[in-house]
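Remarks on the structure that follows.
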Amino acid sequence: QESDDEHDEL
Amino acid sequence: MNIFRLAGDMTHLASVLVLLLKIHTIKSCAGVSLKTQELYALVFACRYLDIFTNFVSLYNTVMKLIFLGSSFSIVWYMRYHKVVRRSYDKDQDTFRHYFLVLPCLVLALLINEKFTFKEVMWTFSLYLEAVAILPQLVLLQRTRNIDNLTGQYVFLLGAYRGLYILNWIYRYFTEPHFVHWITWISGLVQTLLYADFFYYYYQSWKNNQKLHLPA
């Protein structure tokens, strides 16, 4: 699960 | 990645390709708002500051490069290409950038998840993307005769937004702790801006007529 400050959407 | 997110990205990509196709092959940018295109270039430049530091996937990196490259090349074509720039409706495309950029910047400084440079820029890009279509919608409203490619471009952009909302709903129910209020609210605002256009696009499609916006 990515942490909140890493944005995985474009 | 879920099917809604992928479909959303693909319609977003298709919208950019339709616009590049129009500009590159027909050598015309009639009906396209340079203001909106410049705002999108700014949106991607601010959002993808992490392109070389935060690796998510090869897919993400390639898509980021495509959106950066295409948005800046569209702006270049419309400003500097000796044929294309002559078709630009400069007198109709009068929306002021700073009416949108300044409030978004202030809002990003006030409402963000974390007060760091990268995070504020990322938030700013979300707020700005939400309203960046406005100059384009105003231009369509003014010129009123909309060619097929320009209509398809705006339609695909709207579809991309709608699919992203489905993607968030899906992720909310399938991923624990997936809550992103800033992304959701600005995304919802952005999608609502297309509602009016979609209504007329649907009407013209249903009646098999040329798209025509009311004055």
Side-chain angles (χ1 to χ4, degrees), chain A, chain B residues 1-2 4-6 8-13 16 43-44 46-51 53-57 59-68 71 112-116 118-123 125-126 129 160-161 163-165 167-168 171 174-184 187:
Chain A
Q1 188 66 33
E2 294 95 2
S3 67
D4 274 351
D5 59 334
E6 282 179 5
H7 308 298
D8 63 349
E9 289 179 350
L10 293 164
Chain B
M1 187 160 61
N2 61 69
F4 303 112
R5 157 81 197 277
L6 182 65
D9 286 347
M10 289 306 115
T11 45
H12 192 186
L13 187 63
V16 174
V43 162
F44 293 132
C46 294
R47 185 172 306 166
Y48 299 155
L49 286 174
D50 66 352
I51 185 165
T53 54
N54 175 30
F55 182 79
V56 178
S57 63
Y59 171 84
N60 261 45
T61 305
V62 169
M63 291 294 272
K64 284 174 179 176
L65 287 171
I66 290 175
F67 287 135
L68 278 169
S71 61
N112 51 63
E113 281 180 17
K114 208 165 56 176
F115 196 72
T116 61
K118 253 168 63 175
E119 192 64 21
V120 169
M121 283 293 107
W122 179 81
T123 312
S125 82
L126 285 182
E129 189 190 356
Y160 142 63
R161 295 316 314 177
L163 287 161
Y164 253 67
I165 288 181
N167 153 58
W168 294 327
R171 292 188 74 172
T174 54
E175 293 177 31
H177 318 299
F178 187 78
V179 179
H180 294 289
W181 286 110
I182 291 176
T183 316
W184 294 348

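Reckoned from all heavy atoms, side chains included, excluding hydrogens, waters and symmetry mates. Residue numbering restarts at 1 for every chain, and letters A, B, ... go by the order of the sequence lines. Given the structure is predicted, the values throughout are model-derived calculations rather than measurements.
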Which atoms of B:F44 come close to chain A, meaning under 4.5 Å heavy atom to heavy atom: side chain ones, backbone ones, both, or neither?
neither
Can you give me the closest heavy-atom contact between B:R171 and A:D8, atom names plus distance?
NH2-OD2, 2.8 Å
Chain A contact via B:D9 - side chain, backbone, both or neither, heavy atoms under 4.5 Å:
side chain
Just one of B:N167, B:N60, B:T183 clears the side-chain hydrogen bond (donor to acceptor under 3.5 Å, both in side chains) bar with A:E9, so which one?
B:N167
Taking the side chain as everything from C-beta on, heavy atoms only, tell me whether B:L126 gets closer than 4.5 Å to A:H7.
no
Between the CG atom in A:L10 and the OH atom in B:Y59, the distance rounded to the nearest 0.5 Å is 6.0 Å
